[in-house]
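Let me begin by presenting the structure, written as C-alpha cells, before commenting on it.
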Amino acid sequence: MVRINSKKTSIMEYIQIMIGAALVGLSYNIFLLPSKLAAGGVSGISTILYELFQYNPAYVQWLINIPLLFLAMIIVGKEFSLKTLVGTIFVPLVIWLTADIKLMVDNPLLGAIYGGIMLGVGLGIVYRGNGSTGGTALIAQILKKFTGISSGFSQLLVDGLVVITSALVFNFELALYAMISIYVSSKVIDFVQLQSSTTKLVLIITDKEEEIQTIIKEEINRGLTKIKTLGGYSNEEKTMILCVVEQSEAVYFKKLLLEKEPTSFVIFLNASEILGRGFSKARFDEE
C-alpha cells in the first residue's frame, strides 16, 4: 500500500511539473517575449538574443540549459533528479510548440504584471512537484561553488546582470518593467508554494478553558492546543488555546465567542500553510 501511494505521489509530481512548465512556456510566448521583457534567467537571455540576432528562444534555452545541467552535476556534485531534467527540457518544448500562438500582449506593464503572475504560478507548481526548470539557478549553484557566496545572492547577481543587459539592448524603462515582473513572479511563487489559503490561526487567552474547548470541539469540530500563561497585568494564571480554522469557520467561530465567551481575549492570524490531521490529512472521525 505504501509503495502504491508513493508511486501515485511520484506520478502526480511529474504531472505538476509538466503543467507548471507549460504555464512558464506560455507566459514567455504570450507576455514576456512580445513585451520585450528580459525578466532574468535563461528566458531573459533568450529574449535579448532574439532581439539582437532573431535566434529562436526555444533553441537558445535548450542550448544553455542542458549543458548547464550536466556541468552543475559534475562541478557542484548535487544530485539532480529526473524531475529537474523534465522541467529543464519541457519549458523550451512548450515555447517551441506555441511559438506561433496568436494570443500575445505587447504592452510592457500588462506583460510585467500578468506575465509575472503566470510565470510565478507555473514555477510555483513546478516547485510543489519537487522539480526545477534549471536556468540561472544552475549558474548560481556553480558561482556558489567557486566563490563561496550564498545561492540567493548568486541568483541575484545573475538575474541582475540579465536585467542590466536588457537595459542596454532595449531601454531603461523596459528593464524597470522586467524588474516588476521578477518581483510579481517571486511573490506568486511564494503564494503557490505555501498554499496561502484563507485558514486562520486563532489564539484565545481565557480563564474559561472548558467552555472554549466545548465550543471548538462541538460547534466547529477542530482540534486545539492549550498552553498555560501568566497575565502581565493581573499576574493571574490563564490558558492560551491555539486553534486553526477555515475562513468560513472563523466567521462562525467569532460569532460564537462573542455570544458565549465575550470576556476572552481572541486573536485571529492568517496562516500560510497548515499541515496535519484535519487539513492536509483527514480527521480521525472521517477515516
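Values reported hereafter were calculated over all heavy atoms of this structure, with side chains retained and with hydrogens, waters and symmetry mates removed.
In the hydrophobic cluster analysis, where Ile, Leu, Val, Met, Phe, Trp and Tyr join through side-chain heavy atoms closer than 4.5 angstrom, I45 is grouped together with L174. Cluster membership for F265 and L258, using ILVMFWY side-chain heavy atoms within less than 4.5 angstrom, is not shared. Linking Ile, Leu, Val, Met, Phe, Trp and Tyr whenever their side-chain heavy atoms come within less than 4.5 Å puts L176 and V163 in one cluster. Hydrophobic clustering of Ile, Leu, Val, Met, Phe, Trp and Tyr side chains at less than 4.5 Å, counting indirect connections, unites Y55 with L68. Residues V192 and I182 do not share a hydrophobic cluster, defined by chaining ILVMFWY side chains whose heavy atoms lie under 4.5 Å apart.
Every pair passing salt bridge (Lys or Arg N to Asp or Glu O under 4.0 Å) that includes a residue from residues 11-21 is listed here, sequence neighbours excluded: E13-K83. Pairs engaging residues 231-243 under the side chain to side chain donor-acceptor pair (under 3.5 Å) rule: E209-T239, K228-T239 [sequence neighbours left out].
Between I30 and M104, every side-chain heavy-atom pair lies at or beyond the 4.5 Å cut-off. Using a 4.5 Å cut-off on side-chain heavy atoms (C-beta onward), V60 and F53 make no contact. Contact of the L257 side chain with the K254 side chain is not registered, since no non-hydrogen atoms from C-beta on lie closer than 4.5 Å. Taking 4.5 Å as the limit, some side-chain heavy atom of I215 sits within range of a side-chain heavy atom of F253. The shortest side-chain heavy-atom distance between F90 and T133 does not fall under the 4.5 Å cut-off. Contact annotation: the side chain of L242 approaches that of L203 to within less than 4.5 Å [non-hydrogen atoms, C-beta and beyond].
Across P92 and A58, no two heavy atoms sit closer than the pair O-CB, 3.3 Å. Counting all heavy atoms, side chain and backbone alike, A250 lies closest to F268 at O-CE2, 3.9 Å. The shortest non-hydrogen separation linking S46 to Q61 is OG-NE2, 3.2 Å. Contact record, L119 with V24: CD1-CG1, 3.7 Å, taken as the closest heavy-atom pair. For the pair I48 and V169, the tightest heavy-atom approach, listed with the atom from each and the gap, is CG2-CG2, 3.7 Å. Counting all heavy atoms, side chain and backbone alike, A178 lies closest to A39 at O-CB, 3.9 Å.
More than 12 heavy-atom neighbours from other residues, nucleotides or ligands sit within 6.0 angstrom of CD on E259. Shown here is K217, whose NZ atom has no more than 12 heavy atoms of other residues, nucleotides or ligands within 6.0 Å. With a 6.0 Å radius and a threshold of 12 heavy atoms from other residues, nucleotides or ligands, Y50 has its OH atom at or below the threshold.
With rounding to the nearest 0.5 angstrom, the CD1 atom of I205 is 10.5 Å from the CD1 atom of I241. A distance of 11.0 Å separates CG of D159 from CE of M179, quoted to the nearest 0.5 Å. With values rounded to the nearest 0.5 angstrom, I19 atom CD1 is found 6.5 Å from I125 atom CD1. Atom CG in L23 sits 6.0 Å away from atom CE in M118 (nearest 0.5 Å). With rounding to the nearest 0.5 angstrom, the SG atom of C243 is 10.5 Å from the CD atom of Q213. Interatomic distance, I212 CD1 to I204 CD1, rounded to the nearest 0.5 Å: 5.0 Å.
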**OP:** I would like to know whether Y177 and I180 meet side chain to side chain contact (heavy atoms under 4.5 Å, CB included); could you show each step before the answer?
**Re:** CA-CA 5 Å; Y177 282 121; I180 292 175; 4.1 Å; yes

Original post:
Can you list the steps and then say if V86 with M18 is a side chain to side chain contact (heavy atoms under 4.5 Å, CB included)?
Top reply: CA-CA 8 Å; V86 170; M18 288 187 284; 4.2 Å; yes

**OP:** Using the side chain to side chain contact (heavy atoms under 4.5 Å, CB included) rule, take T165 and L168 through it: C-alpha gap first, then chi angles, then the decisive distance, then the call.
**Re:** CA-CA 5 Å; T165 305; L168 300 175; 5.5 Å; no

Original post:
After noting the C-alpha distance and the side-chain angles of K208 and T263, does the key distance pass the side chain to side chain contact (heavy atoms under 4.5 Å, CB included) rule?
Top reply: CA-CA 9 Å; K208 298 179 180 179; T263 59; 4.3 Å; yes

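Put simply, the side chain of S264 never gets that close to the backbone of V266: no donor and acceptor are under 3.5 Å apart.
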Per-pair distances, 0.1 Å, donor-acceptor, side chain in residues 31-38, under 3.5 Å, sequence neighbours excluded:
from	atom 1	to	atom 2	distance (Å)
S35	OG	F31	O	2.8
S35	OG	V105	O	2.8
S35	OG	N107	O	3.4

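Relative ring orientation between W96 and W62 is described as tilted, the plane-to-plane angle lying within the 30° to 60° band.
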